[in-house]
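Below is one structure, written out as structure tokens; the observations come after it.
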Amino acid sequence: MKNKKIVMDAEGIDRSLTRIAYEILEKNKGVEDLVLVGIRTGGVFLAERLRRKISGIEGKEVPLGILDITLYRDDLQTSHPKPRLGKTDIPFSLDKKKVVLIDDVLFTGRTIRAAMDALIDFGRPMLIQLAVLIDRGHRELPIRADFVGKNLPSSLWEAVSVILTEKKGSDEVVIEIR
Amino acid sequence: MKLNRKDILGIQELSVEEINLILETADSFIEVSTREIKKVPTLRGKTVINLFYEASTRTRTSFEIAAKRLSADTINISASTSSVVKGETLIDTAKNLEAMNPDIIVIRHSAAGAPHMLAAILRQSIINAGDGAHEHPTQALLDMMTIRSRKGTISGLKVAIVGDIAHSRVARSNIHGLTKMGASVCVAGPATMIPLDIEKMGIVAHTRVEEAIRDADIVMVLRIQTEREKQNIFPSLREYAQYFSLNRRNIGLARKDVLIMHPGPMNRGVEISSDLADGPHSIILNQVTNGVAVRMALLYLLTGGAS
């Protein structure tokens with residue numbers, strides 16, 4: 001906890017999300033066929049906030065799903081005990097939908113690979129886009145985000161965490177040396 | 001909390017935290033079975049062997065469906081069509097299966113302790129799918145999951161288990177589990193079917209079904225093994241039905257929102273009347289649905305690389 005630095009505060013997070021909401025609407029020309037899917041756990045609260053912002057702008061509700069990617073992870077073969085499984089809740093079909101996948105931090109890209117495999121099991125989306133609050137680099141798969149709150153060049157020995165009021169007391173993005 | 005054990009042999013050795021972890025994981029697995037594509041890639045390349053030395057439809061099918069929905073390969077072996085009829089011992093059968101490198105072996109056997117013996121000699125994970133009159137842990141887990149999903153909690157509930165307690169592995173596993181989770185459990189049945197020292201398990205024993213189900217939140221009815229009629233444990237199925245069945249007359253003693261459970265297969269008109277089995281208080285088919293989720297949770301939690 002010695003080398004802890006706040007790289008984004010509450011206002012910064014909120015402005016980024018506002019911009020992303022506008023970008024999503026611009027790129028998709030409105031909310032028709034648009035659905036949001038937040039990746040557990042970090043992406044869920046961000047997805048809820050984006051949904052509120054989008055409905056505030058357009059005056060229309062966008063469906064929101066929650067995805068737990070644990071069952072699609074590529075490191076399950078080697079992990080024992082197993083990571084805790086959360087609930088997936090996508091109460092609508094993804095067939096022919098424009099799906100915006102939402103996560104807090106984009107890092108190796110492995111979570112997003114798992115999430116895309118999971119989404120395909122729920123139908124055949126028209127397209128999948130990716131929105132993240134932080135892109136910290138170090139990709140291990142050919143994946144990039146369509147909407148990025150902040151590009152944060154980081155070292156592999158640093159930890160980047162997005163802290164949100166829904167879970168803890170404050171809204172901030174911190175970077176610290178492990 | 002993590003499940004850090006090789007085998008699931010009984011509820012007796014599980015901690016409250018482990019039970020909670022299994023039930024919560026199972027809750028998350030419910031959703032997979034409601035999808036149009038009921039399959040996730042989690043156990044790709046894993047092999048599950050169902051080794052059943054006793055008849056079973058529900059449990060064996062449930063394990064097989066659970067494994068398949070997780071993308072594992074499953075092989076079913078039933079004693080009647082295996083080398084057992086040629087006189088092969090359980091250990092030899094198990095050693096031969098081990099040589100083919102499965103990952104999990106699910107075993108049901110009429111001898112109490114058979115899964116424990118396999119667990120000691122095999123490197124594979126063993127899941128007990130019922131051993132004699134000893135334990136049936138996955139049944140108790142799915143029962144607890146069903147109760148919890150309906151009542152929100154297990155702690156503080158009054159649960160009555162009615163039937164042949166002495167020969168019931170379902171009763172034994174449920175007594176271990178429900179008492180650990182804070183329920184108050186009582187049993188009822190003919191005196192010949194209640195073990196003398198059963199109250200040492202932290203429960204109350206009755207010989208009249210009415211005493212047990214009074215104010216009960218849950219009534220769990222056990223199957224009367226009709227073959228036991230010949231063993232002079234009870235005079236006749238008709239007399240059993242008259243004194244110990246759950247029916248419209250005595251269910252009124254339980255709480256208004258009582259839930260009725262049965263591990264199956266049911267003898268309608270013997271231990272439970274048909275109208276109750278099919279009525280609004282019955283959650284018997286929910287138990288079956290949840291059974292798949294509980295078994296998916298166990299397969300998921302037990303498999304993995306080197307620990």
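Every chain is numbered from 1 and lettered A, B, ... according to where its sequence line falls, protein lines coming before strand lines.
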Original post:
chain A contacts: which residues in residues 30-42 of chain B have a non-hydrogen atom closer than 4.5 Å to it?
Top reply: E31(B), V32(B), R35(B), I37(B), K39(B), V40(B), P41(B), T42(B)
Subject >> Heavy-atom neighbours of F92(A) CZ exceed 12 at 6.0 Å >> reply: yes
Subject >> Rounded distance (nearest 0.5 Å) linking atom CG of D27(B) with atom CG of L85(A) >> reply: 10.0 Å
Original post:
Looking at G86(A) and S28(B), what are the two nearest heavy atoms and their distance?
Top reply: C-OG, 3.3 Å
Original post:
Distance from K82(A) atom NZ to N4(B) atom CG, nearest 0.5 Å?
Top reply: 11.0 Å
Subject >> Pairs meeting criterion ring-ring contact (aromatic ring centres under 6.0 Å, His included) with involvement of residues 20-44 of chain B, two or more places apart >> reply: F29(B)-Y300(B)
**OP:** Decide if atom CZ of R58(B) counts as having more than 12 heavy atoms of other residues, nucleotides or ligands within a radius under 6.0 Å.
**Re:** yes
Subject >> CZ/R44(B): more than 12 non-hydrogen atoms of other groups inside 6.0 Å >> reply: no
Original post:
Non-hydrogen atoms of chain B under 4.5 Å away: do they reach the side chain of S93(A), the backbone, both or neither?
Top reply: neither
Original post:
Taking everything shown except K60(A) itself, do over 12 heavy atoms lie less than 6.0 Å from its NZ?
Top reply: no
Original post:
Could you give the distance from CG (L76(A)) to OG1 (T303(B)), rounded to the nearest 0.5 Å?
Top reply: 8.0 Å
